[in-house]
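This report refers to the structure that appears directly beneath it.
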There are 2 protein chains.
Amino acid sequence: MSQPAELCEEGRLALIRDVLERIGDKWSVVVICQLDDTTRRFNELSRMSSPITKRMLSATLQGLERDGLVTRTVYDTKPPRVDYALTPRGISLLKVVRELAGWAEANAAGILESRSGYDAR
Amino acid sequence: MSQPAELCEEGRLALIRDVLERIGDKWSVVVICQLDDTTRRFNELSRMSSPITKRMLSATLQGLERDGLVTRTVYDTKPPRVDYALTPRGISLLKVVRELAGWAEANAAGILESRSGYDAR
DNA sequence: CTGTATCCCCCAGGATACTG
DNA sequence: CAGTATCCTGGGGGATACAG
């Protein structure tokens, strides 16, 4: 009787929240974007992601690896070297992130305007 | 000389983070989904979003209104009545959220598998 | 019915120091 | 170079009571 609203179905909302907890943290998206296309080493990511600490970079990468979004390959040379890269699943996520980016760019100005209107009231 | 990597450009990453802070909080997406298509009253949203507290619902709605994603219309009847609905901008965001939902559904199984593999190691 | 005001706890994540 | 181990703080968000 009520509307379909399939989107609101419990499990579906839970899934969305899951993704958001994955990419909604402070650094995951940044790291994923830096891994776009190429493989990168730990320090490289550290520098590119600017004020991230090693601790958080490490934690972020572990989370992403756990979910099968990045691969971690260790070469036991001296000094040690570790490469990170996106998996196919990570790449597919990056595509969704691009959608997000598109929406953000298209609406940034409007949102800022809306905010100042709201605040000055 | 280095790769284009337009996606990683500073401002662009900042925009993405902005969106994520908007929809990455605990309740925004839930509320937005419940507003899909129709206008809803405060208590209606409160019940539909299950264990959300009034405090958080109020805060979430204010945030969404501030960004021009939902409208708030007050009828001064007795007892009071307030209706919330998505703005066009909110609807456009909902579309992006659907993309997210699609990705989540398509990858949920794989991610769970990847996790258990990672944890059992 | 539609909120606001308080209090309070927990933990994401920063700073810093140390290790193989 | 590539991390781990500790310590510590801010604020997101729950519970509860009150208000128009």
Side-chain angles (χ1 to χ4, degrees), chain A residues 13-14 16-32 34-35 38-67 70-85 118-119 121, chain B residues 13-14 16-32 34-35 38-67 70-85 118-119 121:
Chain A
L13 277 176
I16 302 179
R17 293 250 70 255
D18 235 51
V19 185
L20 288 176
E21 268 157 34
R22 166 77 282 137
I23 67 174
D25 66 8
K26 200 165 179 189
W27 298 108
S28 288
V29 165
V30 176
V31 170
I32 288 174
Q34 249 84 22
L35 285 175
T38 35
T39 144
R40 304 228 177 254
R41 308 183 46 177
F42 189 87
N43 256 1
E44 213 172 344
L45 288 170
S46 184
R47 273 179 281 104
M48 298 182 68
S49 311
S50 71
I52 196 179
T53 62
K54 288 162 190 263
R55 183 174 112 72
M56 287 317 295
L57 178 57
S58 181
T60 302
L61 286 168
Q62 283 176 30
L64 294 173
E65 189 195 358
R66 187 170 109 101
D67 284 1
V70 313
T71 57
R72 175 176 187 273
T73 55
V74 185
Y75 307 86
D76 62 337
T77 60
K78 200 174 54 172
R81 163 184 182 154
V82 182
D83 280 358
Y84 292 92
Y118 184 95
D119 292 343
R121 198 210 43 181
Chain B
L13 277 176
I16 302 180
R17 294 250 69 256
D18 235 52
V19 184
L20 287 176
E21 270 158 34
R22 166 78 282 138
I23 67 174
D25 65 9
K26 201 167 178 187
W27 298 109
S28 287
V29 166
V30 176
V31 171
I32 288 174
Q34 249 84 21
L35 286 176
T38 35
T39 142
R40 303 226 177 256
R41 307 182 47 178
F42 188 85
N43 255 3
E44 216 174 342
L45 288 170
S46 185
R47 275 180 278 104
M48 298 182 67
S49 310
S50 71
I52 195 179
T53 62
K54 288 162 190 264
R55 185 175 109 73
M56 286 317 294
L57 179 56
S58 180
T60 302
L61 286 169
Q62 282 177 30
L64 294 173
E65 189 195 359
R66 188 171 108 100
D67 284 1
V70 312
T71 57
R72 175 176 187 273
T73 54
V74 185
Y75 306 86
D76 63 336
T77 60
K78 199 175 53 169
R81 162 186 183 154
V82 182
D83 280 359
Y84 292 93
Y118 183 96
D119 292 343
R121 198 209 44 181

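Every chain is numbered from 1 and lettered A, B, ... according to where its sequence line falls, protein lines coming before strand lines. All values derive from a computational prediction rather than experimental measurement.
Mapped onto DNA chain D by nearest heavy atom, Ser58(A) and Pro80(A) fall at different nucleotides, with Pro80(A) at the one closer to the 5' end. The residue among Pro51(A) and Phe42(B) whose nearest nucleotide of DNA chain C lies closer to the 5′ end is Phe42(B). Residues Met56(A) and Arg81(B) each lie close to DNA chain C; by heavy-atom proximity, the contact nearer the 5' end of the strand is made by Arg81(B).
Residue-level contact check: Arg41(B) touches the backbone only, with heavy atoms under 4.0 Å from sugar-phosphate atoms and none from bases. If you check every strand for non-hydrogen atoms under 4.0 Å, Tyr84(B) touches sugar and phosphate atoms only.
With dC1(D), dG3(D), dG13(C) as the choices, the nucleotide that has an atom nearest any side-chain atom of Arg72(A) turns out to be dG3(D).
No side-chain donor-acceptor contact under 3.5 Å links Gln62(B) to the backbone of Ala59(B). The backbone N or O of Leu45(A) sits less than 3.5 Å from a side-chain atom of Ser49(A), completing a donor-acceptor pair.
Between the NZ atom of Lys78(A) and the C1' atom of dC1(D) there is a distance of 13 Å, rounded to whole Å. One atom, CD of Glu44(A), and another, P of dA2(D), lie 9 Å apart when rounded to the nearest Å. Arg40(B) has its CZ atom 16 Å from the P atom of dC1(C), to the nearest Å. When the C1' atom of dG13(D) is taken as reference, atom CZ of Arg17(A) falls 12 Å away, rounded to whole Å. Atoms CD (Glu21(B)) and P (dG13(C)) sit 11 Å apart, rounded to a whole Å. Between Leu57(B) atom CG and dG12(D) atom C1' there is a gap of 16 Å when expressed in whole angstrom units. Atom P of nucleotide dG13(C) and atom CH2 of Trp27(A) are separated by 10 Å, given to the nearest angstrom. What separates CD1 of Ile52(B) from P of dT16(D) is a distance of 17 Å, to the nearest Å.
Not one side-chain nitrogen or oxygen of Arg47(A) sits closer than 4.0 Å to the OP1 or OP2 atom of dA2(D). Side-chain N/O atoms of Gln62(B) include one lying less than 4.0 angstrom from OP1 or OP2 on dT4(C). The shortest distance between the side-chain N/O atoms of Lys26(A) and the OP1/OP2 oxygens of dG14(C) is below 4.0 Å.
Interatomic distance, Met56(B) CE to Ser46(B) OG, rounded to the nearest 0.5 Å: 12.5 Å.
Look at Arg81(B) and Asp83(B) and you find a salt bridge, because one of the NZ, NE, NH1 or NH2 atoms lies within 4.0 Å of a carboxylate O, short of that distance.
Between the side chain of Arg55(B) and the base of dG3(C), no donor-acceptor pair of N or O atoms lies under 3.5 Å.
For Arg40(A) and Tyr84(A), the positive end is not near the middle of the six-membered ring at less than 6.0 Å and at most 45° from its axis.
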